[in-house]
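As the structure lists them, so they are numbered: ligands from 1, and atoms in each ligand from 1. Numbering of residues begins at 1 and proceeds along the displayed sequence. In this text the structure is predicted, and so the values were computed from the model without any measurement.
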Amino acid sequence: AVTLVSLLFCGYRLFTGQYRVPTPPPRSVQSSYAYTIYLYWLIGRGRYSCVYLGTLNERSVAVKVYSSAHRQKYINEHYIYSLLSLQQQPSITHFLCADERVDSEGDTQFLIVMDHYAHGCLSHFLSHTSVDWTSCCRMMHGITRGLSFLHSEVLTGDESKPALAHRDVSSTNVLVRSDLSCVLSDFSLSMSLARDPRHLHGDGDSVAISEVGTLRYLAPELLAGALDLHEYGTALKQVDVYALGLLFWEAFRRCHDLFLGRPAPHFQLAFDSELGQEPSLEDMHMLVVRDKSRPCFPLEWRDNISVLRQLKDTMEDCWDQDAEARLSAHCVEERLSSPTVLHDVSQQVD
Ligand code: ADP
Ligand code: MG
Ligand code: MG
């Protein structure tokens, strides 16, 4: 026990010290330019980074650590947060500060410090918990509101922000608070869609338009290499909405109110039953581009139940093969807040 305690309090203090904020921080930490960051233990691993539970001064936080190999992703994510941080949007991960430091082996590490979300990412949460209809709608509404906010251009004075594309919408890039509300997270591949060139590139570095997110969630036009680069702002938003449709499918399959009193099926990522854990680009191309296949709806989701018909329509209108026919994130948000959708579903499904 003594060893464990000393490990917790000493061993996991990976580094400590006083640091200067490299760029003006968001309002929440503006009063203090010097702060101390401790890292405790690993809570998540992404494609480009490791995420630790930590503290920023006394506050419990999550710290995303990029190695120097992924410096460009760090610069990009920090830049995106700097565009978003003036407006504390409840559906976007709350960013606190960014930092650079040298670890004990002499390698530079790049840190993004943010609020810690107790339930971690959505795919992990749904893999061990099913949810009721109201919670599920609220969760999906939060994510959709976050995406709709990201996609919108705001032109009013200090609060202005360019339209942004997320470019890696997936259930591992959504985080869940302890009250089950959700935020959109992981902006390492996100991109400004501004016509104003000052907003186009973060610090001289930027991510390429052709660089893509998680294979499983790629829209057919990306898999086919047919993204409309002339209208890339519109095209990249449509790509995000496609992935949102898949995310809805993953989440509502875990809504026990939609299964006639039986337990909801186990959590599955979109296309898991068709292609398994590690689909290849060729597999995805055959399934999504050639066969125009999409995840199957459970048999219990009968069309004669209006709320289920609406839900299925919404998913289909998000993942339409024709990108131009897809809904906007704002429109999905409106559909989710309509009174018929929020109507107590259990009375209709029983
Ligand atoms: P990457 O860009 O490397 O994919 P992410 O930002 O997606 O990194 O983080 C990787 C994982 O770490 C997430 O899927 C999630 O499980 C966990 N994670 C990230 N940020 C937080 C946070 N603020 N609170 C709790 N868990 C987090
Ligand atoms: Mg991620
Ligand atoms: Mg990422």
Side-chain angles (χ1 to χ4, degrees), residues 26 28-29 37-56 59-81 84-85 88-99 109-129 139 142-143 146-147 150 164-191 202 205-208 211-218 236 239-240 243-244 246-247 250-251 267 269-270:
S28 53
V29 292
I37 299 169
Y38 288 105
L39 303 193
Y40 293 91
W41 49 78
L42 191 69
I43 53 169
R45 212 182 270 280
R47 235 177 327 156
Y48 309 112
S49 66
C50 289
V51 178
Y52 294 84
L53 182 70
T55 52
L56 173 70
R59 178 180 181 156
S60 177
V61 293
V63 185
K64 179 169 179 176
V65 180
Y66 286 94
S67 69
S68 48
H70 297 302
R71 176 176 170 273
Q72 197 186 318
K73 298 281 181 307
Y74 159 81
I75 290 175
N76 190 63
E77 185 159 37
H78 187 192
Y79 171 66
I80 298 293
Y81 276 123
L84 293 172
S85 63
Q88 299 288 325
Q89 226 291 336
S91 303
I92 300 280
T93 305
H94 185 209
F95 167 80
L96 295 165
C97 61
D99 205 353
Q109 294 182 323
F110 301 93
L111 276 54
I112 298 276
V113 183
M114 55 195 145
D115 274 357
H116 173 238
Y117 293 85
H119 287 303
C121 69
L122 182 65
S123 57
H124 170 75
F125 175 74
L126 291 176
S127 65
H128 61 75
T129 311
M139 293 169 99
I143 300 162
L147 190 63
L150 206 69
L164 300 155
H166 186 282
R167 307 207 313 143
D168 198 7
V169 172
S170 82
S171 50
T172 59
N173 290 335
V174 165
L175 302 171
V176 185
R177 289 194 185 89
S178 46
D179 69 359
L180 302 194
S181 58
C182 289
V183 294
L184 194 58
S185 186
D186 189 356
F187 301 98
S188 50
L189 287 178
S190 301
M191 197 176 147
D205 282 271
S206 188
V207 285
E211 191 164 351
V212 291
T214 310
L215 202 49
R216 179 184 299 282
Y217 296 91
L218 292 189
L236 292 175
V239 164
D240 281 349
L244 183 73
L246 298 182
L247 204 147
E250 292 175 358
F267 177 75
L269 294 171

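- The protein heavy-atom contact nearest to atom 9 (O) of ligand 1 is Val51 CG2, 3.5 Å.
- When atom types are taken as modelled, the side chain of His166 and the backbone of Leu236 share no donor-acceptor pair closer than 3.5 angstrom.
- At distances below 3.5 Å, not a single donor-acceptor pair connects side-chain atoms of Asp168 with backbone N or O atoms of Ser190.
- Nearest protein neighbour of atom 20 (N) of ligand 1, counting heavy atoms only, is Met114 CE, 3.5 Å.
- For ligand 1, the atoms lying closer than 4.0 Å to a non-hydrogen atom of Arg47 are 1 (P), 3 (O), 4 (O).
- The shortest distance between side-chain heavy atoms of Tyr117 and Asp115 falls below 4.5 Å.
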Taking it one step at a time, do Arg47 and Asp186 satisfy salt bridge (Lys or Arg N to Asp or Glu O under 4.0 Å)? CA-CA 10 Å; Arg47 235 177 327 156; Asp186 189 356; 6.0 Å; no
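- Ring orientation note: the planes of His78 and Tyr74 are tilted relative to one another, at an angle of 30° to 60°.
- For Thr172, the closest heavy-atom approach to ligand 1 falls below 4.0 Å.
- Backbone or side-chain N, O or S atoms of Asp186 reach the Mg ion (ligand 2) at under 2.8 Å.
- Within the 4.0 Å heavy-atom criterion, neither part of Lys73 lies near ligand 1.
- Checking only distances, Tyr117 does come within under 3.5 Å of ligand 1, N or O to N or O.
- Closest to atom 4 (O) of ligand 1, if we only count protein heavy atoms, is Asp186 OD2, 3.0 Å.
- Using a 4.5 Å heavy-atom threshold, the side chains of Leu126 and Leu122 count as touching.
- Protein heavy atom nearest atom 27 (C) of ligand 1, with residue, atom name and distance: Leu175 CD2, 3.7 Å.
- Of all the atoms in ligand 1, the ones that sit under 4.0 Å from a non-hydrogen atom of Ala62 are 22 (C), 23 (N), 24 (N).
- With 2.8 Å as the limit, Thr172 does not count as an N, O or S neighbour of the Mg ion (ligand 2).
- Distances shorter than 4.0 angstrom occur between a heavy atom of Ser188 and an atom of ligand 1.
- Of the protein's heavy atoms, Gly44 CA, 3.9 Å lies nearest to atom 17 (C) of ligand 1.
- Aromatic ring orientation, His119 versus Phe125: tilted (interplanar angle from 30° to 60°).
- Close approach to Tyr48 involves these atoms of ligand 1, each under 4.0 Å from a residue heavy atom: 2 (O), 3 (O).
- In this structure, of Ile43, Leu53, Val176, Asp168, the residue bringing a heavy atom nearest to atom 26 (N) of ligand 1 is Ile43.
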Criterion side chain to side chain donor-acceptor pair (under 3.5 Å) on Ser188 and Glu77, from CA distance to verdict: CA-CA 5 Å; Ser188 50; Glu77 185 159 37; 5.0 Å; no
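- Leu184 places none of its side-chain heavy atoms less than 4.5 Å from the side chain of Ser91.
- For His116, no nitrogen or oxygen atom sits less than 3.5 Å from a nitrogen or oxygen atom of ligand 1, counting backbone and side chain alike.
- Side-chain atoms of Leu247 and Val169, non-hydrogen and from C-beta on, do get closer than 4.5 Å to each other.
- Ranking protein heavy atoms by distance to atom 3 (O) of ligand 1, first place goes to Ser49 OG, 2.7 Å.
- In summary, Ser188 places an N/O/S atom under 2.8 Å from the Mg ion (ligand 3), meeting the contact criterion.
- Atom 23 (N) of ligand 1 has as its closest protein heavy atom Asp115 O, 2.8 Å.
- A heavy-atom distance below 4.5 Å is not found between the side chains of Val239 and Tyr217.
- Geometrically, ligand 1 and Lys64 share a nitrogen or oxygen pair separated by less than 3.5 Å.
- The side-chain heavy atoms of Thr129 and Phe267, taken from C-beta on, include no pair separated by under 4.5 Å.
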